[in-house]
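Take a look at the structure below.
Just so it is clear, the model here is predicted, and its values are computed rather than measured.
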Amino acid sequence: MDIGLIERAGRVVQVVGDSGSGLSLLARHLHERLPRVAVMRQDAVSHVSYLRATVVEEVCIGLEQRGVPRAEMQRRAGEMLARAGLDGLAERDPATLSGGETRRLAFACVAILEPDTLVLDDPFAGLDAASARRIAGVLRESAARVVLLGHQYVEAREGVVEDEAPS
């Protein structure tokens, strides 16, 4: 795939393909070739280090690695947890989260980095409707270009995209 097509496309781009069609490989290529890109892989658990005792500490890892001042880190983490619907779980051990909570935590760990491009590999898989709406809301409010990779088209009703599915 020509990466330039994604760079020239609108703010939200969807790439849909069958299992084994190379979507994860595309995510890796985008990560390697685009500036200021963050990728949420399909396996949400791979985004959680389990080295930190709480959900809020997990969300802060990327900011810590970038040298963000503590007060700014705490402010951004609090906002992101609230937007992802995890604020009530901030002090919980990440190992005790459900699958959907872990997926929202993985999303928060990536989105808090405020990249120019956010590549999400099947971000709504395993989420209930309310959780999907929360994530869609964060994506709508984000200034980042959003690349959604998945096995089915995300319809406009999810609130991420504005147009209808291609015919």
Straight-line distance of [X] [atom1] to [Y] [atom2], nearest 0.5 Å:
X: E91; Y: E57; atom1: CD; atom2: CD; value: 7.5 Å
X: D93; Y: T54; atom1: CG; atom2: OG1; value: 8.5 Å
X: M80; Y: C60; atom1: CE; atom2: SG; value: 11.0 Å
X: D116; Y: L34; atom1: CG; atom2: CG; value: 9.5 Å
X: S24; Y: D122; atom1: OG; atom2: CG; value: 9.0 Å
X: R33; Y: R28; atom1: CZ; atom2: CZ; value: 9.5 Å

Taking the side chain as every heavy atom from C-beta outward, state whether [X] and [Y] have any pair of such atoms under 4.5 Å apart.
X: V147; Y: V37; result: no
X: T117; Y: L30; result: no
X: S19; Y: H151; result: yes
X: V119; Y: H31; result: no

Hey, is the main chain of [Y] close enough, under 3.5 Å, to the side chain of [X] for a donor-acceptor pair?
X: R103; Y: Q42; result: yes
X: H47; Y: F107; result: no
X: E72; Y: V68; result: no
X: R11; Y: A144; result: yes
X: R66; Y: G62; result: yes
X: E58; Y: S49; result: yes

Closest non-hydrogen atom pair between [X] and [Y], with its separation:
X: P115; Y: R36; value: CB-O, 3.4 Å
X: V110; Y: A38; value: CG1-CB, 3.5 Å
X: A53; Y: P94; value: O-CD, 3.6 Å
X: P123; Y: L149; value: CD-O, 4.0 Å
X: C109; Y: I112; value: O-CG2, 3.5 Å
X: S21; Y: D18; value: OG-O, 2.7 Å

- Per side chain to side chain contact (heavy atoms under 4.5 Å, CB included), L86 is matched among L97, L105, V56, V59 by L105
- Message: Any carboxylate oxygen within less than 4.0 angstrom of a Lys/Arg side-chain nitrogen, looking at R52 and E64?
- Response: yes
- Got a sec: does the CD of Q152 have more than 12 other heavy atoms crowding it under 6.0 Å? no
- Could you state whether L25 and L120 fall into the same hydrophobic cluster, counting links through intermediate Ile, Leu, Val, Met, Phe, Trp or Tyr residues with side-chain heavy atoms under 4.5 angstrom apart? no
- Task: Answer with yes or no whether the hydrophobic clustering places I61 together with V48; edges join I, L, V, M, F, W, Y residues whose side-chain heavy atoms lie under 4.5 Å apart.
- Result: no
- Those residues that, when tested against A82, pass side chain to side chain contact (heavy atoms under 4.5 Å, CB included) (two or more places apart): D87
- Item | Which residues share a side-chain hydrogen bond (donor to acceptor under 3.5 Å, both in side chains) with D128, sequence neighbours left out | S131
- Note on the structure: With sequence neighbours left out, the residues meeting side-chain hydrogen bond (donor to acceptor under 3.5 Å, both in side chains) with T102 are none
